[in-house]
Asker: 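Sharing a structure, written as structure tokens. Questions coming.
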Amino acid sequence: MGIIERKEREREARRGQILDAAQKVFQSRGLSQASMDDIAKEAELAKGTIYLYYKNKDELLLGLILRGFEILDDIMVEFTSAKPTGLERIVAVGESYRTFSQKETFLFSLMNVSEPPPKSNISSELIDELARLTQKIWSAFYSFTEQAKAEGDLKAEVNGITLVLTLWLSSTGVLRMYNKAVCSPENNAFAARKGGMHLEYLDWPYVYDTTMRMLLETAVTDQGRARLAPLEWKTNEQMGLTFETLPHTEAELQVA
């Protein structure tokens, strides 16, 4: 190994060390409470060393978002390369996204933050890398819709970009709610203990699969529909969905 290659490997190892520390600190203290001092202490590095790689918390946040996209890309390649047809690969993208969201819950949440870091605080190199990764994922997803059209499983008039956007945004919504309801049910209002629905007991894989199946229903041809799993409706009990009696009077509301 040459000197340049060795130095680059050492640089990547140090970058990974910093991101590992940042992820641990962000998870334990929260994005707003975490400081560069906390991250340097966790990484066992001087704060000045951290700044050589990431100039602020926003860059560290984007660094973790990039890590999330890299892991997601690896999972997508693994899942889709094992499928021969475009339609099967479209379904496999959904399966890989769900797997990623459950395996890397924190990174998934960072990738879907309501207020992403401003570009003015981020280096052009990190922004370019994010653009490259997201373009790679979206291009692959879109290519599967074109393959499915060519194979006769997807209607010719379907706009592939619109389909990809619809599937991606819908799946993100379901997975975000799943993580809120299931991953920390003792600490959020979505896992209601007094009144309402017990979403933490819901059969979320079924909800996710059914959502994706319904969205594909109008986009596939008869041939494509025959390749998909049948659309099956379950009862509330079969889904594990339970309701508690909601309070009606003012006194009941105060007790609740």
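Here the structure is a predicted model, which means the values were calculated and not measured.
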Asker: Would you kindly confirm whether M214 and V164 end up in one hydrophobic cluster when ILVMFWY residues are joined by side chain heavy atoms under 4.5 Å apart?
Answerer: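 Yes.
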Asker: Could you give the distance from CE (M111) to CD (E104), rounded to the nearest 0.5 Å?
Answerer: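 Rounded to the nearest 0.5 Å, the CE-CD separation comes to 10.0 Å.
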Asker: If you apply the rule side-chain contact (heavy atoms from CB on, under 4.5 Å), what do you find for E59 with S123, and how did you get there?
Answerer: CA-CA 8 Å; E59 286 203 345; S123 70; 3.3 Å; yes
Asker: Using salt bridge (Lys or Arg N to Asp or Glu O under 4.0 Å), reason through D38 and K41 one step at a time and then give a plain yes or no.
Answerer: CA-CA 5 Å; D38 295 328; K41 182 178 180 180; over 6 Å; no
Asker: For E10, is the CD atom crowded, meaning more than 12 foreign heavy atoms sit under 6.0 Å from it?
Answerer: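 Buried by this count: over 12 neighbours within 6.0 Å.
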Asker: For a quick test of reading the model, state the closest non-hydrogen atom pair linking I90 to A148 and the distance between them.
Answerer: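 Smallest heavy-atom distance, with atoms named: CD1-CB, 4.3 Å.
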Asker: Within 45° of the six-membered ring axis of F108 and under 6.0 Å from that ring's centre, is NZ or CZ of R176 located there?
Answerer: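 Negative - R176 is either too far from the ring of F108 or too far off its axis.
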Asker: Just wondering, do E42 and R29 contact through their side chains at under 4.5 Å, heavy atoms?
Answerer: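 A side-chain contact under 4.5 Å is absent here.
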Asker: Apply the test salt bridge (Lys or Arg N to Asp or Glu O under 4.0 Å) to residues R15 and E12: give CA-CA distance (whole Å), side-chain angles for both, the deciding distance (0.1 Å), then the verdict.
Answerer: CA-CA 5 Å; R15 190 184 297 276; E12 286 305 308; 3.8 Å; yes
Asker: Would you say the side chain of F144 lies within less than 4.5 Å of the side chain of E88, judging by non-hydrogen atoms?
Answerer: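 Contact flag for E88/F144 side chains = no.
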Asker: State, to 0.1 Å, how close A34 and V25 come at their nearest heavy-atom pair, and which atoms those are.
Answerer: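 Looking at all heavy atoms of both residues, the shortest contact is CB-CG1, 3.5 Å.
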Asker: Is the ring pair F141/W138 parallel, tilted or perpendicular, if the boundaries are 30 and 60 degrees?
Answerer: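 Ring orientation of F141 relative to W138: tilted.
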Asker: Can you see whether T172 engages Y97 through a side-chain donor-acceptor pair at a distance of less than 3.5 angstrom?
Answerer: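 The answer is yes; a qualifying pair exists.
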Asker: Calculate, to the nearest 0.5 Å, the distance between atoms CG and OG1 belonging to N159 and T166 respectively.
Answerer: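 It is 9.0 Å, given to the nearest 0.5 Å.
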Asker: Rounded to the nearest 0.5 Å, how far does NZ of K149 lie from CG of L87?
Answerer: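 Spacing of CG (L87) from NZ (K149) equals 13.5 Å.
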Asker: Please determine whether side-chain contact (heavy atoms from CB on, under 4.5 Å) holds for the pair L107 and Q23, giving the CA-CA distance in whole Å, both sets of side-chain angles, and the decisive distance to 0.1 Å.
Answerer: CA-CA 8 Å; L107 294 180; Q23 182 169 344; 3.9 Å; yes
Asker: Would you say the side chain of T210 lies within less than 4.5 Å of the side chain of W233, judging by non-hydrogen atoms?
Answerer: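 They are in contact (side-chain heavy atoms under 4.5 Å apart), so the answer is yes.
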Asker: Could you state whether L167 and V77 fall into the same hydrophobic cluster, counting links through intermediate Ile, Leu, Val, Met, Phe, Trp or Tyr residues with side-chain heavy atoms under 4.5 angstrom apart?
Answerer: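 Not linked; separate clusters.
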Asker: Quick one: closest heavy-atom pair of D203 and K234, and the distance?
Answerer: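 In this case the closest contact between D203 and K234 is OD2-NZ, 3.2 Å.
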Asker: Please confirm whether the backbone N or O of R89 pairs with a side-chain atom of Q147, one donor and one acceptor, at under 3.5 Å?
Answerer: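 Between the backbone of R89 and the side chain of Q147 there is no qualifying donor-acceptor contact (under 3.5 Å).
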Asker: What I'd like to find out is whether the side chain of K155 reaches to under 4.5 Å of the side chain of V220, using heavy atoms alone.
Answerer: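 Counting from C-beta outward, K155 and V220 never come under 4.5 Å.
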Asker: Is the number of heavy atoms from other residues, nucleotides or ligands under 6.0 Å of E44 CD greater than 12?
Answerer: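 No, the 6.0 Å shell around CD holds no more than 12 heavy atoms from other groups.
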Asker: Provide the closest heavy-atom pair for T221 versus G152 in the form atom of the first, atom of the second, distance.
Answerer: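 Heavy-atom minimum between the residues: OG1-O, 2.6 Å.
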Asker: Hey, does S109 have a side-chain heavy atom less than 4.5 Å from the side chain of F106?
Answerer: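 Yes, their side chains come closer than 4.5 Å.
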Asker: Within a strict 4.5 Å, meaning less than it, do heavy atoms of the F100 and D74 side chains meet?
Answerer: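 Contact flag for F100/D74 side chains = no.
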Asker: Determine whether M36 and I50 satisfy the following criterion, side-chain contact (heavy atoms from CB on, under 4.5 Å), listing intermediate values before the conclusion.
Answerer: CA-CA 8 Å; M36 296 294 278; I50 304 291; 3.5 Å; yes
Asker: Do F69 and K136 come within less than 4.5 Å of each other through their side chains, counting heavy atoms only?
Answerer: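 A side-chain contact under 4.5 Å is absent here.
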Asker: In Å and rounded to the nearest 0.5 Å, what is the NZ to CG distance from K119 to N121?
Answerer: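 Atom-to-atom, K119:NZ and N121:CG are 12.5 Å apart.
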Asker: Judged by modelled atom types alone, do Q17 and R14 share a side-chain donor-acceptor pair under 3.5 Å?
Answerer: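 Short answer, yes.
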Asker: Between K57 (side chain only) and S35 (backbone N and O only), is there a donor and an acceptor less than 3.5 Å apart?
Answerer: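 Absent.
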Asker: Ignoring hydrogens, what is the shortest heavy-atom contact between P205 and R98? Give both atom names and the distance.
Answerer: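 Nearest heavy atoms, P205 then R98: O-NH1, 3.3 Å.
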Asker: Quick check for you: to the nearest 0.5 Å, what is the distance between E151 atom CD and T85 atom OG1?
Answerer: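 Output value for this atom pair is 5.5 Å.
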Asker: R67 and side-chain contact (heavy atoms from CB on, under 4.5 Å): which single residue from D20, L62, L72 fits?
Answerer: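 Answer after filtering D20, L62, L72: D20.
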Asker: Report the distance from atom NZ of K24 to atom CD1 of I39, rounding to the nearest 0.5 Å.
Answerer: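 So the gap between those two atoms works out to 13.0 Å.
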Asker: Contact between Q238 and Y206 at the side-chain level, heavy atoms closer than 4.5 Å - yes or no?
Answerer: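 Not in contact.
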Asker: Could you check S171 against M212 for side-chain contact (heavy atoms from CB on, under 4.5 Å), going step by step and ending with a plain yes or no?
Answerer: CA-CA 7 Å; S171 59; M212 298 301 101; 3.7 Å; yes
Asker: Show the nearest heavy-atom pair for residues A219 and L154, with the distance to one decimal.
Answerer: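 Distance-wise, the nearest heavy atoms are O-CD1, 3.4 Å.
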Asker: Please determine whether residues I161 and L215 belong to a single hydrophobic cluster, defined as Ile, Leu, Val, Met, Phe, Trp and Tyr linked transitively by side-chain heavy-atom distances below 4.5 Å.
Answerer: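 I161 and L215: one cluster.
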Asker: Quick one: does any side-chain atom of R213 pair with a main-chain N or O of A229 as donor and acceptor, under 3.5 Å?
Answerer: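 Yes, R213 side chain to A229 backbone: donor-acceptor pair under 3.5 Å.
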